[in-house]
Amino acid sequence: MSRKKQSTLDWEEKFLKRISTVHKRNLKKVVSRILKKITTAKYSIDSRSKKYNVSSNVSIEELRELVYKAYGQKCKYCDKTITVANFVFDHIHPISKQGTSDAENLQVICKTSNVMKGSLTESNFKILLDWLNTLDEELKKDISIRLSRGLH
């Protein structure tokens, strides 16, 4: 068996144990979706890095590790639990602002937070979130929904 195939099998087993706290059925199918999503993301990250002329040194193993650590945890910016349905890779320092695509500059967050964050740096996004927390709940919810839809 090739090393690549063995690595995938090892990750399948590792994820099966990890996701059982979040998912109750179709665990092998969920793991397959996770691994496929990571592979697709790797190609997207490489392509976007090339487009923005920044380095892309992250490996598929590093992406798997990032997802493994975040899976089933709360998003660092909101209360959503990270699952296959909502996880995305986010550049802490945005790629559009010359942030590199390496493991140190990538994080796994929920899709809603990622859309809200957009091309903001992490520090500026935290300023925005802090400001949102000063608003009354109805206004905070309305603005958050609008931000999470993104600008088109």
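All values derive from a computational prediction rather than experimental measurement.
Salt-bridge annotation for Asp46 and Lys50: absent, with no side-chain N of the basic residue lying under 4.0 Å from a carboxylate O of the acidic one.
Put simply, the side chain of Asn114 never gets that close to the backbone of Ile109: no donor and acceptor are under 3.5 Å apart. Within the 3.5 Å criterion, the main-chain N or O of Lys36 finds a donor-acceptor partner in the side chain of Thr40. For Asn105 (side chain) and His91 (main-chain N/O), no donor-acceptor pair under 3.5 Å exists by modelled atom type.
The minimum heavy-atom distance between Ser144 and Leu132, with the atom names listed, is OG-CD1, 3.8 Å. The shortest heavy-atom contact between Asn57 and Glu62 is O-OE1, 3.7 Å. Considering all non-hydrogen atoms of both residues, Cys110 and Ile82 come closest at N-CD1, 3.4 Å. Scanning all heavy atoms of the two residues, the minimum distance from Ser119 to Pro94 falls at O-CG, 3.1 Å. Considering all non-hydrogen atoms of both residues, Leu120 and Leu128 come closest at CD1-CD2, 4.1 Å. Thr8 and Arg64 get closest at one heavy-atom pair: OG1-NH2, 3.6 Å.
Distance check: Thr121 OG1 to Ile92 CD1 gives 11.0 Å after rounding to the nearest 0.5 Å. Distance CD/Glu61 to NZ/Lys42: 11.5 Å, rounded to 0.5 Å. Interatomic distance, CD1 of Ile45 versus OG of Ser56, reported as 6.5 Å (0.5 Å rounding). Between the CD atom of Glu12 and the CD1 atom of Ile34 there is a distance of 10.5 Å, given to the nearest 0.5 Å. Expressed to the nearest 0.5 Å, how far CZ of Arg33 lies from CD1 of Ile38 amounts to 12.5 Å. A distance of 9.5 Å separates CD in Gln107 from CG in Leu66, rounded to the nearest 0.5 Å.
Of the residues listed (Lys117, Lys76, Lys111), the one engaging Asp90 in a side chain to side chain donor-acceptor pair (under 3.5 Å) is Lys117, and it is the only one.
Residues Leu35 and Leu106 are members of one and the same hydrophobic cluster, defined by side-chain heavy-atom contacts under 4.5 angstrom among Ile, Leu, Val, Met, Phe, Trp and Tyr. Under the 4.5 Å side-chain contact rule for hydrophobic residues, Val58 and Val88 do not share a cluster. With hydrophobic clusters built from ILVMFWY side chains whose heavy atoms lie under 4.5 angstrom apart, Leu9 does not share a cluster with Val67.
Between Thr81 and Gln73, every side-chain heavy-atom pair lies at or beyond the 4.5 Å cut-off. For the pair Leu147/Val115, no side-chain contact is recorded, criterion being any heavy-atom separation below 4.5 Å from C-beta on.
Contacts classified as ring pair (Phe, Tyr, Trp, His ring centres under 6.0 Å) and involving residues 97-139 (residues at least two apart or in different chains) are given here: Tyr77-Phe125. Residue pairs satisfying the ring pair (Phe, Tyr, Trp, His ring centres under 6.0 Å) criterion with at least one member in residues 20-56, sequence neighbours excluded, are listed as follows: His23-Tyr71.
Among residues two or more places apart in sequence or in another chain, the side chain to side chain contact (heavy atoms under 4.5 Å, CB included) test is passed with Ala41 by Phe89.
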| said: Let's go through Lys14 and Glu65 carefully: what are the C-alpha distance in whole Å and the side-chain angles of both, what is the deciding distance for salt bridge (Lys or Arg N to Asp or Glu O under 4.0 Å) to 0.1 Å, and is it a yes or a no? | reply: CA-CA 10 Å; Lys14 195 172 177 179; Glu65 191 64 41; 3.4 Å; yes
